[in-house]
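Structure, as structure tokens:
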Amino acid sequence: MQQTNIILIGFMGTGKSTVGEQLAQRLNYERCDLDEEIVKTAGKSISQIFAEDGEEMFRQWETDVLLRLVDGNRRVIITGGGAVLRPGNVQVMLQHGKVVALTADEQEIIRRVERDQDRPLLQGNVREKVRGLLQARAGAYDFAPVQVDTTGKTIEEIVDEIKNA
């Protein structure tokens, strides 16, 4: 595999954080989590950014931090599920790394995210919110040259699939 950035995209709950951690270790790449970097840079949690500044401000932080993170090499960059919502972000990702979309079926996503109460976009009925967001984002991750379905697979199987791609 050529030495470049690997950028993980996908809906929440598809395994980006877990897979990204293992992939970075296996490849001896630097692990960079976009959401963690936003929290460090903004000096407040993502929930606080959404509550105090709104989603649009969060998306701006996302773009600014993404631009900083892609300016490197040998990084596994873990994005948030909505990072693909801005066309400019999509172009940046495609220009600065190998983009890998992680997917999972709806029931698997719901099962994975139900126990996480700290997701601003999932306040209320989690099943309804996931279903609505999946519909709203249908096709948003299709631009990635590599697509990996994580449903029912081990982390090792997913990492191997990404490495082989």
Side-chain angles (χ1 to χ4, degrees), residues 5-25 27 29-72 74-94 96-97 99-138 140-141 143-144 148 150-151 155 158-159 162:
N5 296 319
I6 298 171
I7 303 168
L8 298 180
I9 65 167
F11 194 78
M12 66 182 85
T14 55
K16 296 180 303 290
S17 296
T18 309
V19 170
E21 180 78 39
Q22 292 298 314
L23 184 63
Q25 284 180 8
L27 296 174
Y29 274 33
E30 180 184 359
R31 176 194 159 280
C32 298
D33 185 297
L34 190 56
D35 285 349
E36 288 174 12
E37 292 299 320
I38 291 168
V39 168
K40 276 191 229 170
T41 305
K44 49 184 156 181
S45 72
I46 290 171
S47 295
Q48 281 180 293
I49 296 169
F50 268 81
E52 296 170 11
D53 309 317
E55 184 175 357
E56 188 54 38
M57 180 55 80
F58 172 76
R59 297 297 171 207
Q60 187 58 53
W61 278 111
E62 204 168 43
T63 297
D64 295 345
V65 173
L66 176 65
L67 285 167
R68 194 177 75 228
L69 292 180
V70 297
D71 190 26
R74 296 175 51 87
R75 290 180 171 166
V76 172
I77 300 171
I78 303 160
T79 67
V84 300
L85 298 177
R86 285 187 166 183
N89 289 352
V90 169
Q91 291 307 312
V92 166
M93 290 179 206
L94 289 169
H96 294 276
V99 183
V100 178
L102 300 184
T103 62
D105 67 37
E106 183 180 309
Q107 291 311 311
E108 182 75 5
I109 289 169
I110 290 168
R111 186 183 67 71
R112 291 175 184 173
V113 302
E114 268 182 327
R115 40 184 196 269
D116 185 356
Q117 299 302 308
D118 199 34
R119 294 181 186 263
L121 294 177
L122 291 185
Q123 300 308 305
N125 184 320
V126 172
R127 288 180 179 279
E128 284 178 20
K129 297 282 181 142
V130 166
R131 202 164 284 131
L133 283 169
L134 280 171
Q135 288 171 350
R137 294 184 185 173
Y141 308 104
F143 72 92
V148 177
T150 64
T151 307
I155 301 302
I158 299 162
V159 168
I162 293 169

Exercise for review: Give the C-alpha distance, both sets of side-chain angles, the deciding distance and a yes or no for side-chain contact (heavy atoms from CB on, under 4.5 Å) between M12 and L133.
Suggested key: CA-CA 10 Å; M12 66 182 85; L133 283 169; 3.8 Å; yes

Check your understanding: Does some side-chain heavy atom of Q22 sit less than 4.5 Å from a side-chain heavy atom of I158?
Key -> no

Review point. Partners of R131 by side chain to side chain donor-acceptor pair (under 3.5 Å), sequence neighbours excluded?
Key: E106

Check your understanding: Are the side chain of Y141 and the backbone of G81 linked by a donor-acceptor contact shorter than 3.5 Å?
Key -> yes

Review point. With sequence neighbours excluded, what pairs up with R75 under the side chain to side chain donor-acceptor pair (under 3.5 Å) test?
Key: E30

**Study point:** ring pair (Phe, Tyr, Trp, His ring centres under 6.0 Å) against F58, all qualifying residues, sequence neighbours excluded
**Key:** F50

Practice item. Taking the side chain as every heavy atom from C-beta outward, state whether L23 and R31 have any pair of such atoms under 4.5 Å apart. Key: no

Exercise for review: Begin from the C-alpha positions of Q107 and R127 and carry the test side chain to side chain donor-acceptor pair (under 3.5 Å) through to its verdict.
Suggested key: CA-CA 9 Å; Q107 291 311 311; R127 288 180 179 279; 3.3 Å; yes

Check your understanding: Which residues satisfy the salt bridge (charged side-chain N to carboxylate O under 4.0 Å, His left out) test with D64, sequence neighbours excluded?
Key -> none

Exercise for review: Not counting sequence neighbours, which residues clear side chain to side chain donor-acceptor pair (under 3.5 Å) with E108? List them please.
Suggested key: R111, R112

Review point. What distance do L66 atom CG and I7 atom CD1 have between them, rounded to the nearest 0.5 Å?
Key: 6.5 Å

Review point. Passes side-chain contact (heavy atoms from CB on, under 4.5 Å), I46 versus W61? Steps please.
Key: CA-CA 10 Å; I46 290 171; W61 278 111; over 6 Å; no

Check your understanding: Given side chains that start at C-beta, do those of V70 and M93 come closer than 4.5 Å, heavy atoms only?
Key -> no

Revision key, fill the gap. Of V19, L8, N5, D33, the one forming a side-chain contact (heavy atoms from CB on, under 4.5 Å) with V76 is L8

Check your understanding: Quick one: side-chain contact (heavy atoms from CB on, under 4.5 Å) partners of D53, sequence neighbours excluded?
Key -> K44, I49, M57

Review point. Got a sec: does the CG of D71 have more than 12 other heavy atoms crowding it under 6.0 Å?
Key: no

Study note, to complete from the structure: Residues pairing under side chain to side chain donor-acceptor pair (under 3.5 Å) where one sits in residues 8-18, two or more places apart or in two chains, turn out to be none

Review point. side-chain contact (heavy atoms from CB on, under 4.5 Å) between I77 and H96: does it pass, once the steps are laid out?
Key: CA-CA 11 Å; I77 300 171; H96 294 276; over 6 Å; no

Revision key, fill the gap. Distance col, row I9:CD1 vs T79:OG1, nearest 0.5 angstrom, shows 6.5 Å

Exercise for review: Could you tell me which non-hydrogen atom of V39 sits nearest to which non-hydrogen atom of S45, and how far apart they are?
Suggested key: CG2-CA, 4.2 Å

**Study point:** For E56, all residues meeting salt bridge (charged side-chain N to carboxylate O under 4.0 Å, His left out), sequence neighbours excluded
**Key:** R86

Practice item. Please identify each residue that fulfils side chain to side chain donor-acceptor pair (under 3.5 Å) with N89, with sequence neighbours left out. Key: T63

**Study point:** Straight-line distance of I162 CD1 to I6 CD1, nearest 0.5 Å
**Key:** 7.5 Å

Review point. Residues two or more places apart in sequence or in another chain: which of them pass side-chain contact (heavy atoms from CB on, under 4.5 Å) with V90?
Key: V84, L94, F143

Exercise for review: Kindly say whether L102 contributes a backbone atom to a donor-acceptor pair with the side chain of T150 at under 3.5 angstrom?
Suggested key: no

